[in-house]
Amino acid sequence: MPKSRSKIKKTILTPHAAIIGLTDEIDLSICCSNRNCPSHWHDRLTEKLKTLQQSKSKTSPSLVAKTKSIANYKLTYPDILSQLFRIQQSDETDNQEVYSMPIAKSVILEKHNDFSKQVETMLNDSTYSFMKNNLNSQIQYRLIPLVADIFSDQMDRMETATPLKINLLRINHLHLKAYLRLKIISVPIWNRSAVHVIVQDENCHCLHLAIYNWSHIIDTRQIRTLKYIQERLSHLLPMNSYVVLLDPWLKKCRDGDISLRCESPNTHLLLIDFEERCSTSHRTNVEQLRQIGNLCYQVDDNLSAIRYYTFGLKQLDDEQEKELASKGQSIGPKTDEREQHRIRLLSNRCACYLRERHAALALADTGILLAFNELTHILELPKATTGKLLFRCLSAHLYLGLFDKVEGLLKSHKFGVGLSGGENLTTMAILERELIRLRDENTKGRYDLQGMLHKQITNKSPLMFIDLPNHHAECHRNDLFEVRASEELTKNGYPNGSYGVYALKNLDVGTLLVAEQPFASIDHRTIGEEYSHKLNYWNENSTIEYCCSETLRLLNEIEKQLLIGNDTWTTFEKIKSMQPIRRWLAENVKDDLSKQQEENETSSNLPENYEEILSEKKQWRKPFSKRLPPPLPYVPWRVLFETQQQNPYKSQSTLGWYSLGSMFNHSCLPNCTWYLIGDYLFIYVCSTNVRQGDELTISYCPLWISSVNERSTYLERFNIRSCQCSLCTYDRLDLIEYEKDLKKFSNIRALARQKNLSNFNRFVYLQQLHEHYEYLTNRYSNRAVGFVNEFIDLESINQYFQIDSAENEIKEYLNHRQDSFLDRFSHVCRLTLPQISNPILLFGTQIQLLIHHLEHFYSSDYKQWNRLLVYLYEIYTFKCHSVSNDMPTTLKDYKELFTNLTHTQSFFSRTFYKG
Ligand SMILES: C[S@@+](CC[C@H](N)C(=O)[O-])C[C@H]1O[C@@H](n2cnc3c(N)ncnc32)[C@H](O)[C@@H]1O
């Protein structure tokens with residue numbers, strides 16, 4: 001029996017974890033499980049606006065001041081803004097006159113038309129590449145909401161905000177705690193950096209409004225067609241629609257133009273009549289809404305698609321309610337047609353959620369479906385539709401690791417009937433196979449790494465219908481390690497909340513510790529291409545970096561995950577575990593505490609519960625495993641960029657945020673190794689020396705940088721001031737002499753590589769270089785890693801000789817060295833020293849070099865090379881090539897495998913390419 005409406009609302013607000021457990025019991029008439037969904041906005045907003053308008057005049061200014069009092073202590077939105085960005089208005093203060101005489105409407109509109117024509121020509125010019133879009137100010141003002149209910153947060157802000165009119169705005173001023181209610185009076189124009197539109201207030205004063213960062217319209221993964229963007233925009237911001245702009249900012253541009261700017265539309269812009277327009281315009285037909293949703297889905301604009309499907313669902317609900325009201329009866333059996341519409345809409349929305357990796361929401365949608373009268377309606381649909389729906393349902397379960405449930409469902413009669421016949425049999429077979437694979441990965445850590453790599457090569461675009469074969473189970477072996485505060489780091493001056501990962505038992509080489517998918521990831525192969533942005537954020541110290549739209553997309557992805565998902569708490573925990581954010585939080589709270597304390601010292605009347613408040617605030621600074629800091633409404637871009645800068649897990653093509661992976665500290669002699677396949681991060685034990693209680697470490701930098709100074713510079717980007725690992729400690733023992741010896745090597749190397757040198761002179765330098773290399777290896781023989789870089793440099797000098805014209809003596813010398821290359825190389829890598837037995841020493845560049853040499857010389861000693869490669873293969877893939885034990889035997893296979901593995905580790909490959 002269906003439940004009452006009030007109960008439904010309760011279910012909607014329940015975290016998805018509860019929904020998962022309730023899939024069979026969920027009410028049939030829930031239209032939307034996402035409380036941020038625009039379908040809930042309109043009513044709440046209109047209601048709120050009405051009460052606000054009435055109460056505004058009565059609100060006394062002292063109310064705002066009161067919110068700052070200690071008793072009501074809270075990091076408010078403007079506080080955060082000013083604390084974080086220290087809004088600098090110094091250069092703007094001379095220009096803060098009131099915009100009392102707005103420009104005539106006709107002038108503004110005419111300008112807008114001209115601009116539209118210019119933009120059209122510009123966008124047709126395909127050579128356009130970098131764009132200047134003032135990203136530094138965007139970053140300053142753009143905030144990423146971390147709360148699930150962005151709507152109510154916006155409403156909270158409006159509670160204390162003042163309604164403004166255009167002629168009351170001050171120029172070059174951010175009007176915190178104020179809002180403008182505006183009507184759109186022009187066609188929106190998109191010029192790649194912003195959406196431009198003309199707006200007017202209730203006094204008919206007009207202004208140009210530039211909306212930046214509206215990325216979910218303009219930069220969703222695959223949307224690249226101008227036509228599509230324009231269509232979407234004219235639907236979102238049509239003429240005569242209304243918007244509310246929070247914290248308006250009136251800016252005088254360099255060319256003297258004055259315009260409103262919105263840098264963070266998701267938090268500052270409310271499309272107040274959007275839903276109403278959707279439901280009262282010609283698109284009243286549910287079927288039409290579904291089709292628009294399908295169009296969005298086809299171009300991978302999944303968020304928009306979700307929105308349209310949700311409107312459709314809401315419409316079905318409204319119709320049903322109206323029907324009920326008119327008949328005055330309780331909810332009776334629903335008409336078949338309506339139910340079939342509902343099933344299709346839910347099924348399509350579920351597909352969007354799956355694509356966006358919101359498996360929990362997808363599951364909630366299918367959960368509702370499964371509850372439909374024992375699938376009667378579903379089974380009446382065409383077989384293909386039923387098949388898709390059930391496939392989506394099971395995929396959602398698999399994504400969430402609910403393997404037993406999938407097994408149960410596959411065996412159940414309902415699913416048997418639903419998936420029987422025709423293509424559905426294949427679907428069934430896929431699901432059965434994937435179930436075994438994913439369960440194996442999850443419980444036994446048996447990943448087919450080679451298979452994953454090959455898929456990565458062959459399958460460039462993983463945006464399939466439902467991406468099960470590219471989906472892998474996550475594996476966190478929490479019984480093997482724990483994450484706790486690191487005493488070593490704290491001793492060395494790092495903040496108290498610095499963490500590390502520690503072994504809970506003795507661990508064998510090859511033990512898989514973590515297989516983790518990032519919380520969000522981007523594919524940043526497109527840097528430098530058409531959609532790149534100039535990012536001025538790092539420009540303060542004269543370094544300019546380019547940040548491609550993919551980086552912005554990472555941020556959007558995060559925003560999306562937070563906004564759309566019901567599991568914001570889990571996500572939030574993940575984000576909070578990220579170092580810079582935690583540090584920022586700690587500092588913020590600390591600053592605020594000391595400020596409050598100062599204030600209190602001067603103030604005679606402390607609040608009664610002052611001690612209590614203070615101790616509560618101090619709690620925030622405790623390690624997060626004991627108590628998480630309180631939720632912050634926003635995390636600013638700046639913090640996100642910092643986090644990203646310090647992210648060691650970058651590959652040539654992917655960059656992701658890994659909540660558990662980011663807990664591993666660095667060591668130049670690590671006992672764990674990591675690599676990325678696709679966007680999955682794998683961390684394995686790579687040293688036999690791991691004992692219970694040892695810290696588990698990875699390397700953030702290439703291991704073969706011999707110079708400790710160079711390594712330190714490299715590590716600075718990860719906020720590591722002075723690495724305390726045993727290698728750095730050893731190298732620093734006699735630092736001046738050590739660096740001098742290395743310098744001498746590079747000086748002779750430069751001489752030996754000179755152009756236009758005779759064979760004889762080069763040979764002299766080569767001999768000197770050998771001598772010096774021998775000296776280095778003897779003098780620093782206790783060093784755990786040999787001089788790998790130097791060795792490789794030394795060997796590469798051979799190619800500078802003109803072999804044809806070389807004297808016999810030189811030829812012989814070079815040939816002799818070539819023959820014994822492998823032995824010496826193994827020695828340099830300490831492969832032969834069992835007490836070190838650190839396979840990571842053979843990572844990356846060395847392997848590429850080996851392969852390179854192998855291609856040239858394999859005929860001379862094929863067996864030896866092959867033995868080494870088999871050994872390396874085992875190191876790389878550990879015991880995980882589960883699907884087949886068929887070890888590749890051809891050089892071609894090895895080359896592909898190692899090249900890809902090394903390519904996943906950008907640091908190594910970058911060093912290689914530089915070299
Ligand atoms: C990916 S996080 C590792 C986890 C981190 N300790 C935490 O508590 O979140 C990287 C940060 O840890 C610290 N760190 C990691 N390895 C270090 C090392 N060998 N020496 C000093 N600091 C280190 C640095 O502050 C660095 O920015």
Side-chain angles (χ1 to χ4, degrees), residues 441-450 452-453 456 472-484 486 499-521 574 577-579 646-651 654-703 718 720 725 837-844 872 874-882 900-908:
E441 289 182 353
N442 181 270
T443 50
K444 299 178 194 144
R446 282 160 46 121
Y447 290 81
D448 172 20
L449 299 185
Q450 205 189 355
M452 284 173 86
L453 273 165
Q456 201 185 325
H472 298 276
E474 295 203 349
C475 171
H476 294 174
R477 311 286 300 276
N478 290 327
D479 53 327
L480 303 182
F481 61 84
E482 64 172 351
V483 179
R484 62 173 153 85
S486 158
Y499 286 79
V501 181
Y502 296 86
L504 288 174
K505 39 180 97 153
N506 297 348
L507 298 172
D508 290 338
V509 169
T511 309
L512 173 66
L513 298 172
V514 171
E516 188 181 22
Q517 213 177 4
F519 154 64
S521 72
K574 286 182 181 179
S577 71
M578 291 176 194
Q579 178 84 329
Q646 292 178 12
N647 184 355
Y649 305 110
K650 287 180 211 169
S651 79
T654 319
L655 188 150
W657 286 18
Y658 301 87
S659 54
L660 187 55
S662 70
M663 289 290 115
F664 285 73
N665 285 319
H666 162 84
S667 164
C668 299
L669 275 181
N671 50 20
C672 295
T673 176
W674 63 271
Y675 48 87
L676 293 166
I677 299 184
D679 62 356
Y680 282 85
L681 168 71
F682 289 87
I683 301 182
Y684 286 97
V685 172
C686 73
S687 160
T688 45
N689 308 329
V690 177
R691 298 275 163 268
Q692 184 178 356
D694 282 357
E695 176 164 11
L696 296 165
T697 50
I698 52 160
S699 176
Y700 298 179
C701 80
L703 286 160
F718 302 111
I720 296 176
C725 76
S837 77
N838 191 342
I840 198 169
L841 304 182
L842 282 166
F843 249 54
L872 292 174
E874 280 172 347
I875 291 164
Y876 267 122
T877 55
F878 298 101
K879 299 151 191 164
C880 318
H881 39 280
S882 63
N900 280 291
L901 275 167
T902 50
H903 272 212
T904 62
Q905 305 229 8
S906 62
F907 296 125
F908 307 125

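These values consider heavy atoms only, across backbone and side chains, with no hydrogens, waters or symmetry-generated copies.
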Euclidean distance, Leu512 CG relative to Cys672 SG, rounded to 0.5 Å = 10.5 Å
If we only count heavy atoms from C-beta on, is the Tyr502 to Arg484 side-chain gap below 4.5 Å?
-> yes
Does any N or O in the side chain of Glu516 come within less than 3.5 Å of the main-chain N or O of His476, such that one atom is a donor and the other an acceptor?
-> no
Would you check, one step at a time, whether the test side-chain contact (heavy atoms from CB on, under 4.5 Å) holds for Tyr680 with Val514?
-> CA-CA 10 Å; Tyr680 282 85; Val514 171; over 6 Å; no
Looking only at non-hydrogen atoms, find the nearest pair between Tyr700 and Phe664 and report the distance.
-> OH-O, 2.6 Å
Contact check, side chains of Tyr658 and Pro518, non-hydrogen atoms, under 4.5 Å | yes
Would you check if the side chain of Trp674 reaches a backbone N or O of Gly661 as a donor-acceptor pair within less than 3.5 Å?
-> no
Student check: side-chain heavy atoms of Asp479 and Lys505 closer than 4.5 Å = yes
Answer whether the closest heavy-atom distance between the side chains of Thr511 and Tyr684 falls below 4.5 Å.
-> no
Side-chain heavy-atom pair Asn442, Cys475 within 4.5 angstrom cut-off = no
With sequence neighbours left out, write down each residue that passes side-chain hydrogen bond (donor to acceptor under 3.5 Å, both in side chains) with Glu441, or none if nothing qualifies.
-> Arg437, His472
Looking at CG of Leu696 and CG of Asn665, how far apart are the two atoms once the value is rounded to the nearest 0.5 Å?
-> 10.5 Å
For Thr697, all residues meeting side chain to side chain contact (heavy atoms under 4.5 Å, CB included), sequence neighbours excluded | Ser667, Pro670, Asn671, Glu695
Heavy atoms, side chains only, cut-off 4.5 Å: are Ile698 and Ile683 in contact?
-> yes
Heavy-atom side-chain contact between Gln692 and Leu504 under 4.5 Å = no
With Phe682, which residues qualify under ring pair (Phe, Tyr, Trp, His ring centres under 6.0 Å), at least two apart?
-> Tyr447
Using a 4.5 Å cut-off on heavy atoms from C-beta on, say whether the side chain of Val685 contacts that of Leu507.
-> yes
For Lys444, the salt bridge (Lys or Arg N to Asp or Glu O under 4.0 Å) test, sequence neighbours excluded, returns Asp440
For Arg691, all residues meeting side chain to side chain contact (heavy atoms under 4.5 Å, CB included), sequence neighbours excluded = Asn506, Asp694
